[in-house]
Amino acid sequence: MVDVHYAGVKNYLPEELYAALEKCLTPVLAAHGGASGKKVMIKPNLLEYRKEYDPASIHPELLVTLCRFLRDKGAAEIAVIENPAVRSADMIVKTMNISDRLSELGVTVKNCARYEKTGMPEKCRFHQLEIATEFRDYDLVIDFAKAKTHAMMVLTCGVKNLFGLIRGSERLTWHLAVGRNFDEFADMLLDLYLLVAPKVTLLDAVVGMEGNGPGSGDPVELGFIAASADALALDASVAKYLGVDETPVLKQAAERSILPEYCDNGDIPEVRQIKLPEPPEKKLEWGVYFPVKLRKLLRSVLLSRPVVDRKQCISCGLCAQKCPPQTLKMRNGVPKFDYIGCIRCFCCQEFCPRGAITVEKSRSLKFVSFLEKVIRKLNLVRPSRRKK
C-alpha cells in the first residue's frame, strides 16, 4: 500500500508553502531515510514561463521553498535538472527571477546533457529508451510535477513529467512513432516511470491548468500540493479529485497490473471537475469493416484536429518546427494543416506560445457520433467476425 499525502494551501506565500511541504513531504522523505547528507536531484516541470504565475510550469516560489526545505533537512547537494522543449532550464529560471535566490541556497540549475540508450526493466514493453542519465548520480530524485490537462494524455502529473528526461529530438520521434496510438504512448511513459523509479513525487496543484493544456490552458485554483513515494499512485489519486475518470496512463497501468494500491492522507481535496481539452478520438470502431485506405481517409475527416485562431497567431512558426511528421507548413505566415498526414500528437498545440492552436471536434465527427449512438441503440450493426 502506497501513501499519498495531501496538504491544503491556497496561495504561494513562502511560509505557507513551507508548512505544506513539512506536512506532506516529510513522511515521504522519512520513508527513504530523510534528505540529510544526500545528493538530491529535482526534475521540475519547466515547460515555459511567459508571464507571472504562468500555470504551464511549477510555480517559482514553490521551487525556491522546496530547495530551502531540503537544505534545512540537511541535503548535501541540490540540483535542478530539466530539459525544456524550447528554452534552457537556466533561462526559464532567470525569467522566473529566482536565479539569485537558488544560487544563495547553493542550488545548481542545468539542462539534461548526458543521454544514453539503456536496457529496460522486465515489466517494460519497449526494449530500449534513450534518456538523460544524470538521475543516476543522485541519492534522491524528486519528480516535481504540475497538475495540468493534456490533449493526448488528458491529465499530466507525475508520470508524464518524466518525459522531460528524453532528448528533445527523441521526444519528437516518439510522437511520430506512436502519435496515432495514445495507449502506446502511455505505455512508453509507464516504461520510463518503471526505469527511473523516482523515490519522491511532488505535485504543484495550488494553481493548476485546465482547458487547452499543457501549455496554453487557463489557470484554475485547486488549493493543494501532494507527495508520494510512487508517481503512478499519486497520479491515480489526484485524478479522481480533479474529476477525471480515466487517462491513457492509468488505463494501461491497470491493464498491465502495475497500478499500485494507495491510501490518501492529510488534507483530502474536495472533488471538482476541471475543464478538460476536447477529447481526441483514438480509434474508430463501429463493428463494420473498412478498407485500409478508406479508414485513413475517414480518420483524417472525422478525428478531432488541431485548428488555429488567426487572431491569436503571431506567425512564429514554432508549431511547424515542432511537427514530428512535418506535415504542418507555414503559408503566408499562417499554419496550414495537412490532416491526412497529421498524426494527432498535438505537439503544435502544446508548443504554441500564444495558445492560438486548440483541439476541435469536427462537425462530421459530431454527426457520426450521434449516428453511432442511434445505430447502437437500435442494434442495427453487429461486430464483424474475423477468421481464426
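All values below come from the heavy atoms of this structure, side chains included, with hydrogens, waters and symmetry mates left out. Throughout, residue positions are numbered sequentially from 1 according to the sequence presented.
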- Worked verdict on Val249 versus Val154 for side-chain contact (heavy atoms from CB on, under 4.5 Å): CA-CA 9 Å; Val249 166; Val154 182; over 6 Å; no
- Message: Let me check something: do Leu222 and Ile268 share a hydrophobic cluster, defined by ILVMFWY side-chain heavy atoms less than 4.5 Å apart, either directly or through other members?
- Response: yes
- Item | ring-ring contact (aromatic ring centres under 6.0 Å, His included) assessment of Tyr6 paired with Tyr241 | CA-CA 11 Å; Tyr6 288 90; Tyr241 294 120; 5.4 Å; yes
- Taking only residues two or more places apart in sequence, or in another chain, which ones meet Thr65 in a side-chain contact (heavy atoms from CB on, under 4.5 Å)? Pro14, Leu17, Tyr18, Leu21, Glu61, Arg68
- Message: With a 4.5 Å cut-off on side-chain heavy atoms, are Phe69 and Thr26 touching?
- Response: yes
- Item | Donor-acceptor side-chain pairing of Asp235 and Tyr193 below 3.5 angstrom | no
- Can you see which heavy atom on Pro335 is nearest to which on Cys313, and at what distance? CD-SG, 3.7 Å
- Message: For the backbone of Ile166 and the side chain of Arg171, can you confirm whether one donor and one acceptor N or O come within less than 3.5 Å of each other?
- Response: yes
- Return yes when atom CD of Gln273 has more than 12 non-hydrogen atoms of other residues, nucleotides or ligands closer than 6.0 Å, and no otherwise. yes
- Among pairs that include at least one residue of residues 140-154, which meet side-chain hydrogen bond (donor to acceptor under 3.5 Å, both in side chains), considering only residues two or more places apart or in two chains? Tyr12-Lys146, Asp143-Asn161, Lys146-Asp204
- Query: Does a side-chain heavy-atom distance below 4.5 Å link Val107 with Ser103?
  - Reply: no
- Message: Whether the side chain of Asn45 engages the backbone of Leu47 through a donor-acceptor N/O pair (distance < 3.5 Å, no angle test) should be reported.
- Response: yes
- Rounded to the nearest 0.5 Å, the CG atom of Leu195 sits from the CG atom of Leu129 at a distance of 6.5 Å
- Message: Count I, L, V, M, F, W, Y as connected when their side-chain heavy atoms are under 4.5 Å apart, and connections chain through other members. Are Ile58 and Val40 then in the same cluster?
- Response: yes
- Compare all side-chain heavy atoms of Val220 with those of Val207 and state whether any distance is below 4.5 angstrom. no
- Query: Take atom NZ in Lys240; do more than 12 heavy atoms of anything else shown fall under 6.0 Å from it?
  - Reply: yes
- Message: In the structure I gave you, are the side-chain heavy atoms of Ile314 and Pro353 within less than 4.5 Å of one another anywhere?
- Response: yes
- Message: Would Ile225 and Leu203 count as a side-chain contact (heavy atoms from CB on, under 4.5 Å) here? Give the steps.
- Response: CA-CA 6 Å; Ile225 62 173; Leu203 183 72; over 6 Å; no
- Item | Close side-chain approach of Ile42 and Ile78, heavy atoms under 4.5 Å | yes
- Note on the structure: Note: Pro121 and Leu194 closest approach over all heavy atoms is CG-O, 3.8 Å
- Message: For Phe346 and Phe351: C-alpha separation, side-chain torsions, deciding distance, then whether ring-ring contact (aromatic ring centres under 6.0 Å, His included) applies.
- Response: CA-CA 9 Å; Phe346 304 107; Phe351 294 120; over 10 Å; no
- Message: Would you say that Phe163 contacts Met188 through its side chain, given a criterion of any heavy-atom pair below 4.5 Å between the two side chains?
- Response: yes
- Between CG of Asp245 and NZ of Lys251, what distance do you get to the nearest 0.5 Å? 14.5 Å
- Task: For the pair Asp267 and Lys23, find out whether any cationic side-chain nitrogen is under 4.0 Å from an anionic carboxylate oxygen.
- Result: yes
- Task: Kindly compute the distance separating SG (Cys352) from CD1 (Ile357), expressed to the nearest 0.5 Å.
- Result: 5.0 Å
- Message: I'd like to check Pro277 versus Val359 (side-chain heavy atoms, cut-off strictly below 4.5 Å). Are they in contact?
- Response: no
- Between the side chain of Thr201 and the main-chain N/O of Gly158, is any donor-acceptor distance below 3.5 Å? no
- Are Val2 and Leu25 grouped together when hydrophobic residues (ILVMFWY) are joined by side-chain heavy atoms under 4.5 angstrom apart? no
- Give a yes or no on whether Phe135 and Val200 share a hydrophobic cluster (residues Ile, Leu, Val, Met, Phe, Trp, Tyr; joining criterion: side-chain heavy atoms under 4.5 Å apart). no
- Item | Distance in Å, Thr247 OG1 paired with Leu242 CG, rounded so as to fall on 0.5 Å steps | 11.5 Å
- Item | Heavy-atom pair of closest approach, residues Asp137 and Lys39 | O-NZ, 3.1 Å
- Query: Within the distance-only criterion (no hydrogens, no angle test), does the side chain of Lys123 pair as donor or acceptor with the backbone N or O of Met120 below 3.5 angstrom?
  - Reply: no
- Task: Report yes or no: does Arg71 contribute a side-chain atom to a donor-acceptor pair with the main-chain N or O of Leu105 at less than 3.5 Å?
- Result: yes
- Note on the structure: d(Tyr138 OH, Glu77 CD) to nearest 0.5 Å is 5.0 Å
- Query: Side chains of Ser237 and Asp264: do they bring a donor and an acceptor to under 3.5 Å?
  - Reply: yes
- Please report the C-alpha distance between Leu102 and Val93 in whole Å, then the side-chain angles of each, then the deciding distance to 0.1 Å, and finally whether the side-chain contact (heavy atoms from CB on, under 4.5 Å) criterion is met. CA-CA 9 Å; Leu102 292 177; Val93 167; 3.8 Å; yes
- Query: Between the side chain of Asp338 and the main-chain N/O of Lys336, is any donor-acceptor distance below 3.5 Å?
  - Reply: no
- Query: For Arg114, does its backbone N or O pair with a side-chain atom of Glu134 as donor and acceptor, under 3.5 Å?
  - Reply: yes
- Can Arg136 and Thr118 be said to form a side-chain hydrogen bond (donor to acceptor under 3.5 Å, both in side chains), step by step? CA-CA 12 Å; Arg136 293 175 176 166; Thr118 180; 2.9 Å; yes
- Test item: side-chain donor near acceptor, Ser315 and Arg310, under 3.5 Å: no
- Indicate the atoms forming the closest heavy-atom contact of Cys112 with Leu165, along with that distance. SG-CD2, 4.2 Å
- Thr95 and Arg50: side-chain donor and acceptor closer than 3.5 Å? no
- Item | Charged N-O contact under 4.0 Å between Asp187 and Arg256 | yes
- Over all heavy atoms of both residues, which pair between Gly208 and Pro55 is shortest? Give the atoms and the distance, please. O-CB, 3.6 Å
- Message: Are Cys319 and Met330 packed together at the side-chain level, in the sense that at least one heavy-atom pair is separated by less than 4.5 angstrom?
- Response: yes
- Nearest heavy-atom neighbours spanning Leu190 and Ala253: CD1-N, 3.6 Å
- Check: Gly213 main-chain N/O paired with Gln349 side-chain donor or acceptor under 3.5 Å: yes
- Do Glu360 and Arg305 sit within salt-bridge range, that is, some charged N less than 4.0 Å from a carboxylate O? no
- Item | CD/Glu270: more than 12 non-hydrogen atoms of other groups inside 6.0 Å | no
- Query: With the 4.5 Å side-chain cut-off for hydrophobic clustering, are Val64 and Leu62 part of the same group?
  - Reply: yes
- Item | Pairing residues for Ser88 by the side-chain contact (heavy atoms from CB on, under 4.5 Å) criterion, not counting sequence neighbours | Asp90, Met91, Asn111
- What distance separates Asn83 CG from Leu46 CG, expressed to the nearest 0.5 Å? 10.5 Å
- Task: Let me see the working for Glu22 and Lys73 under side-chain contact (heavy atoms from CB on, under 4.5 Å), right down to the final yes or no.
- Result: CA-CA 10 Å; Glu22 189 77 62; Lys73 298 300 180 183; 2.9 Å; yes
